[in-house]
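Just dropping this structure here.
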Amino acid sequence: KCVCLAGLEPTTSLALSACGAAAQPDDGQPGDVVIRDVTVVSPERDAPLEHAYVRIRDGRISEVSTRPLSAEREIDGAGRYLVPGLIDTHVHLGDVPGMLPAHEESDPDVAALARAQMPRSFLYYGFTTVVDLIGDPERIARWNDAELRPDAYFCGGAPIANGYPLVFVPEDQRFQATPYFLYDERQQNRTPDSVDPDAHTPRAVVERMAADGAICVKTFYEPGFGPMRDLPTPTLETVRALVDAAHAAGLPALLHANSLEAQRFAVDAGADILAHGLWNGLDRDGDALGNDSDSAGGDDVGATLGRD
């Protein structure tokens with residue numbers, strides 16, 4: 001199986017991702033790179049291949065062998081593992097980990113350095129693909145313009161007007177900051193007159209996401225936690241319409257659901273993927289989400305490093 005190398009610097013986990021047809025062993029050529037004495041772990045192998053030599057040519061692996069290989073540039077892989085590139089399906093590239101907006105405002109130089117380092121840090125730990133679950137095309141384009149970075153894709157975030165996570169954005173900014181929010185008649189008195197309700201229906205929002213290049217649709221059922229309570233939440237009818245629109249566009253529908261109440265709502269709405277586990281425990285009735293629950297989407301659960 002041929003794979004393409006995302007980064008050639010020696011790290012704890014050197015990242016690979018599948019890329020095409022099989023390649024035949026060959027002699028070294030100018031420009032080749034060889035990783036020597038590394039342990040290869042890959043799903044098509046029944047067991048790790050220890051003390052392996054891996055030749056990279058033109059960004060692709062051309063040979064994997066247990067016999068010594070040589071090249072102009074060699075990387076010592078002793079004691080390390082060469083694995084397929086990891087995929088983090090739940091990241092937020094708009095945020096600097098550990099910094100709130102107020103911190104970024106007070107220390108813009110530190111924030112800028114952190115943002116510049118983030119793509120390299122993902123590669124260092126073996127991630128060659130990330131999915132921003134509340135993204136937009138401009139942010140993803142800026143990220144993918146970096147020379148060293150994992151490939152980034154985004155999920156369009158569709159919060160209910162004035163609900164989570166819009167509640168964290170000042171009211172005079174929140175409707176400009178989130179292009180895919182869902183209009184809610186119940187929030188009419190707290191929604192600017194400039195907002196066109198027809199542009200923020202589930203169908204209109206999903207069509208805009210798809211045109212912008214989103215690979216998934218995410219919405220939220222979050223009534224609140226800790227001191228933050230009684231937040232606006234979408235109706236079941238609204239989320240079912242969003243799921244239908246997502247499926248019509250060929251996109252999976254995700255729902256932020258960190259309580260039993262929210263996860264039951266997701267099942268009833270037909271969401272494909274649940275984002276987060278039960279942060280808020282088993283909620284009020286102390287029950288677990290049973291196997292008798294039926295979902296039109298066949299729900300998967302995505303925690304911090306979700307799965308699909």
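Position 1 is the first residue of the sequence; numbering continues from there. What you see below is based on every heavy atom in this structure, not just the backbone, and it leaves out hydrogens, waters and symmetry mates.
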Self-check item: Donor-acceptor contact present, side-chain Arg55 to main-chain Ser65, <3.5 Å
Solution: no

Quiz item: Can any side-chain N or O of Arg115 pair as donor or acceptor with the backbone N or O of Gly94 at less than 3.5 Å?
Solution: yes

Quiz item: Less than 4.0 Å between a side-chain N and a carboxylate O, is that true for Arg203 and Glu207?
Solution: yes

Practice problem: Quick one: sort the Trp279 and His256 rings into parallel, tilted or perpendicular, breaks at 30° and 60°. | Solution: perpendicular

Quiz prompt | Side chain Thr219, main chain Ala158, donor-acceptor under 3.5 Å | solution = yes

Quiz item: Do side-chain atoms of Asp32 reach the backbone of Ala71 as a donor and acceptor pair under 3.5 angstrom?
Solution: no

Quiz item: Does Trp143 reach the main-chain N or O of Pro150 with its side chain, forming a donor-acceptor pair under 3.5 Å?
Solution: yes

Quiz item: Got a donor-acceptor contact below 3.5 angstrom from the Asp212 side chain to the Ala214 backbone?
Solution: no

Quiz item: Can you tell if the side chain of Val91 reaches within under 4.5 Å of the side chain of Phe122, non-hydrogen atoms only?
Solution: yes

Quiz item: Between Arg174 (side chain) and Val169 (backbone), is there a donor-acceptor pair under 3.5 Å?
Solution: yes

Quiz item: Checking Arg80 side chain against Val38 main chain: does a donor-acceptor pair fall under 3.5 Å?
Solution: no

Self-check item: Atom of Leu69, atom of Glu63 and distance for their closest heavy-atom approach
Solution: CD2-OE2, 3.6 Å

Quiz item: By the rule that ILVMFWY residues connect when side-chain heavy atoms come within less than 4.5 angstrom, directly or transitively, which residues belong alongside Leu231?
Solution: Ile134, Tyr164, Val167, Phe168, Phe220, Phe225, Met228

Practice problem: Please check if any side-chain donor atom of Ser121 sits under 3.5 Å from a side-chain acceptor atom of Gln117, or the reverse. | Solution: yes

Practice problem: Run through Gln263, Arg264, Glu261 and flag the one making a side-chain hydrogen bond (donor to acceptor under 3.5 Å, both in side chains) with Tyr221. | Solution: Glu261

Quiz prompt | Any donor-acceptor N/O pair, Asp272 side chain to Ala253 backbone, under 3.5 Å | solution = yes

Quiz item: Looking just at side-chain N and O atoms, do Glu237 and Thr235 make a donor-acceptor pair shorter than 3.5 Å?
Solution: no

Self-check item: Main-chain N/O of Asp244 paired to His247 side chain as donor or acceptor, under 3.5 Å
Solution: no

